[in-house]
Undergrad: 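Below you will find the structure I want to go over with you.
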Amino acid sequence: MSMMMPAIHEGFARPGYPLNAWYAVAWDAELKRALLSRTVCNRKLVMFRRTDGTAAVLDDACWHRLLPLSMGRLDGDTLTCAYHGLKYDSAGRCSFMPSQETINPSAAVRAYPVVERHRFVWVWPGDPALADPALVPDLHWNHDPAWAGDGGTIHGKCDWRLIVDNLMDLTHETYVHSSSIGNEAVAEAPFEITHGKTGVTVTRWMIDIEPPPFWRAQLAWINPDANRPDARVDRWQIIHFTPPGAVAIDVGVAPTGTGAPQGDRSQGVSMWVINAMTPETDRTCHYFWANVRDYAITEQRVTTDIRTAITGVFGEDERVVEAQQKAIDDNPDKVFYNLNVDAGAVWARKLIDRMKQAEAAALPVAAE
Amino acid sequence: MSMMMPAIHEGFARPGYPLNAWYAVAWDAELKRALLSRTVCNRKLVMFRRTDGTAAVLDDACWHRLLPLSMGRLDGDTLTCAYHGLKYDSAGRCSFMPSQETINPSAAVRAYPVVERHRFVWVWPGDPALADPALVPDLHWNHDPAWAGDGGTIHGKCDWRLIVDNLMDLTHETYVHSSSIGNEAVAEAPFEITHGKTGVTVTRWMIDIEPPPFWRAQLAWINPDANRPDARVDRWQIIHFTPPGAVAIDVGVAPTGTGAPQGDRSQGVSMWVINAMTPETDRTCHYFWANVRDYAITEQRVTTDIRTAITGVFGEDERVVEAQQKAIDDNPDKVFYNLNVDAGAVWARKLIDRMKQAEAAALPVAAE
Amino acid sequence: MSMMMPAIHEGFARPGYPLNAWYAVAWDAELKRALLSRTVCNRKLVMFRRTDGTAAVLDDACWHRLLPLSMGRLDGDTLTCAYHGLKYDSAGRCSFMPSQETINPSAAVRAYPVVERHRFVWVWPGDPALADPALVPDLHWNHDPAWAGDGGTIHGKCDWRLIVDNLMDLTHETYVHSSSIGNEAVAEAPFEITHGKTGVTVTRWMIDIEPPPFWRAQLAWINPDANRPDARVDRWQIIHFTPPGAVAIDVGVAPTGTGAPQGDRSQGVSMWVINAMTPETDRTCHYFWANVRDYAITEQRVTTDIRTAITGVFGEDERVVEAQQKAIDDNPDKVFYNLNVDAGAVWARKLIDRMKQAEAAALPVAAE
């Protein structure tokens, strides 16, 4: 890795997020024929499914006197405010006002572009004209019959970028997860970074190593030899970041000598760790995660085991990143310094910063 | 109603209240020969009854080192500070300092003009020279043997004006109180507004309607025919606002054709819903309410029934206005828009704003 | 006392503290071979004992990403960060970074000068070059075999100077502690003030008085005549303040006529009330107190009795000073006025203010 690490990461503590982006705001299964209130990028939103099953997201404050519409009622595709009975259609237009026949034509609450994809509901808080569904991050493994698994949601008391940092450098596994998945091998293995306008990739291969206990057990589902004491594997961790908040991690092992580093994973087992982080406020976030695998896909017991294990591991991370957020707030005069292992996180934050700068430069959006 | 509704209510979210006004700060029965601490218009006050029974209100902070005097002791008409034993008379003048014989002549805490009237204790937080008892809002029904009833106190987590808004437009009954007193007839009935320098009145008559269950039962106390299935009534809601925080609502029903709209209520039943709202802080208030009636005045059971019902109804309102306060704080970029039904509330706020502007213009007070 | 009391204590409510000073941060027994997190002067610190038993105090935030080092591990004299495994020696220098062989030579966390003395651990938050151990306040009685006793810690929700005020004027005993040690005699007795650059002393003698019950019982340990109904004593309270936060109070009684006022205390009993107050934040403090005596020093029962009594008395003070802090915050427009009895507290605050002014004037420190 020839990249020079800047000594100080400028602006790390300044809250802020791009608005012209798709953000995961709910699991598909969370959204029902009912009103769900959720804060995204400091905006109070109300979400629901229309009668046709599609998702709708509106500002959660009545045009008239700001009462949260989520306190009201959903009938068909119509929301009724709980205070004075104003009604809105699912595009946010007011269709009824009490005691008057003429409706102010400007009476409306803001509706947001929504896409449902990869089992998540995605919202675009910025300029609707730019909301191209093709820009939703690729997390398709989460909704592919060739892959099986499960996930969860963490409402983290931290800036969402602290979770991006955490995922972009897995050497922390050695220290934070020493009692579970941590392993000296990860911190010792070299890694490579590639980065472009649309993403950052961190690739780490551990060639010809003794399989860690977790991976030995997974590989044994397709290859009984994995349990032999002298088994050797090649292990990979390939982290893909798509700004502003998606991290898909391709992990797995294959028996050494079967060609995995060259591209043939047919003798190995693969897993995707899927992560979508969304700012809730400047200091809190929604973190949707999933874990899917390409082996033993009909074994629900494996799904349960892995979900339980990951819930424990991510709980360790949550404790760390929330303490880090508190430390940032407690030490306003201190900055982040970077190590070589931070290269992936540093590039991820650069891409986020570029999105923010592009928005600041685009005056019509900034004036919105 | 020919009034044009302004599209946006300017300044609705700016906290603030006139100081040159009488504010209800306690029920008469709350004030005893003991020290009561209460915050009014962001001022910490200590209140008590003197030996002669009159009410006294002082700043609740010792001149010396600011300890709340309410932590101290009341002996006769003398307060003793719990820290160093300074004593004050009921006009706030210091009459004793420890370990010294000479008392600093400027040693005093501020005393406020107080009037006890209509079962409430009223304080004037502004210029004492302007504190004319004749300016106490007329809520005399609350202390008149011809009227019977009871009341309560709500310490609301909202700007007091949100409760004024709520009371000035009773169409919200249809939506907020749909499970109790709400009724489509209210939102559908026309209303008239009159306003002057000293108040706003909103008058709504519902002529020749089927009596709602609550009113049918009340009318039956004086007229058994009210229980007949074909009974018809005229119903009135006449809301009187006196700035900054008193709302007296004259409600009732009389059999249709007995002349109530023309002024003869002798065949009907009347009730006053009395409301006095006082800013505690910018975002909280004290709300004293009472309900008195001119029928069945010796039936304590009716008092209990109505108090219980109103406690439930006002609890529904409290939930709404507290959510509205939170929405105002959560949406600093949003404003209130007005409907035709808001005319009463809009005028009420105009009168409040005029009081504030008059104070800002009166320099000697502003410099105080 | 000829000193003129200024009418208003300027700047009393402005938070702030000198940094070039020794502050007690822990009892000796609190500091072990483990990581202890404590905030001092708004700085998050981590403290521990080295393998050689000496105390070390560092900034509690990893150089890399600010995680509190107190969440990490202590092995020998080395701290390991719980996030990425960076290691620090007890002087704060980084000795290990994950996945890289070269360590950034500037990688370090700040280490603070520490002295352990008089049973307390003292930290110097300011310019280390000025950290002269000779400047630790003299509280040697707390660690002297001729004196016996015990102490405790209060984490007070108030500016530390409110406790200094409280201790510099014991007339408050008459009012705050009326149910325990309070006594009219204290407020009535005259007192003398001396002050210099390094301290303030308030001296109060009560000559030929009936011994208060507490002191009668103490004196009886060495002189059975103390229990005689006609016993008379001379009682002293000599308060020594050393800025910014140490107050040592020399109290006791001796039979009248045995020469205590002239310096012969051989027939009396003496006690030191030792107090070290340290700003935690602008509105909270650590308060370390102890009480030691020169009689019945092998009677552990006396230690227990006195510790229990003082814990109760200081609880009464804590309630008052915390209410006072809240009153300061609630009344930003009000100031402290002073009585004659405040002379000691006024001089104590002047010495504290001079330390702050000296630091503000010393540019190299201010620029730090």
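Labels below follow one simple rule: chain letters A, B, ... track the order of the sequence lines, proteins then strands, and each chain is numbered from 1.
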Undergrad: Counting distance only, does the side-chain N/O of B/Q324 pair as donor-acceptor with the main-chain N or O of A/R65 below 3.5 Å?
TA: yes

Undergrad: Using the salt bridge (charged side-chain N to carboxylate O under 4.0 Å, His left out) criterion, which residues pair with A/D282? Sequence neighbours excluded.
TA: none

Undergrad: With respect to chain B, which residue among A/H64, A/R73, A/M71, A/M97 yields the maximal number of heavy-atom pairs within a distance under 4.5 Å?
TA: A/H64

Undergrad: With rounding to the nearest 0.5 Å, note down the distance linking CD1 in A/I103 to CG in B/L339.
TA: 10.0 Å

Undergrad: Measuring from atom OH of A/Y83 to atom CG of B/D317, what distance do you get when rounded to the nearest 0.5 angstrom?
TA: 6.5 Å

Undergrad: Should B/D330 and A/T39 count as side-chain neighbours, where that means a heavy-atom distance under 4.5 Å?
TA: no

Undergrad: Grab the two heavy atoms, one from A/A61 and one from B/N331, that are nearest each other, plus how far apart they are.
TA: CB-ND2, 4.1 Å

Undergrad: Kindly give the heavy-atom pair with the smallest separation between B/V341 and A/P98, and that separation in Å.
TA: CG1-O, 4.1 Å

Undergrad: For the CZ atom on A/R319, are there more than 12 heavy atoms of other groups (residues, nucleotides or ligands in this structure) within a distance under 6.0 Å?
TA: no

Undergrad: Is any side-chain heavy atom of B/K334 closer than 4.5 Å to a side-chain heavy atom of A/K44?
TA: no

Undergrad: Could you look at A/D60 and say if it's the side chain, the backbone, both or neither that has a heavy atom under 4.5 Å from chain B?
TA: neither

Undergrad: Between B/N166 and chain A, with a heavy-atom cut-off of 4.5 Å, which part of the residue counts as in contact: side chain, backbone, both or neither?
TA: both

Undergrad: So, B/D342 versus A/H84: side-chain donor-acceptor pair below 3.5 Å or not?
TA: no

Undergrad: What are the two closest non-hydrogen atoms of B/A327 and A/P68, and how far apart are they?
TA: CB-CD, 4.2 Å

Undergrad: As an exercise, state the distance from NZ of B/K326 to CG of A/L66, rounded to the nearest 0.5 Å.
TA: 12.5 Å

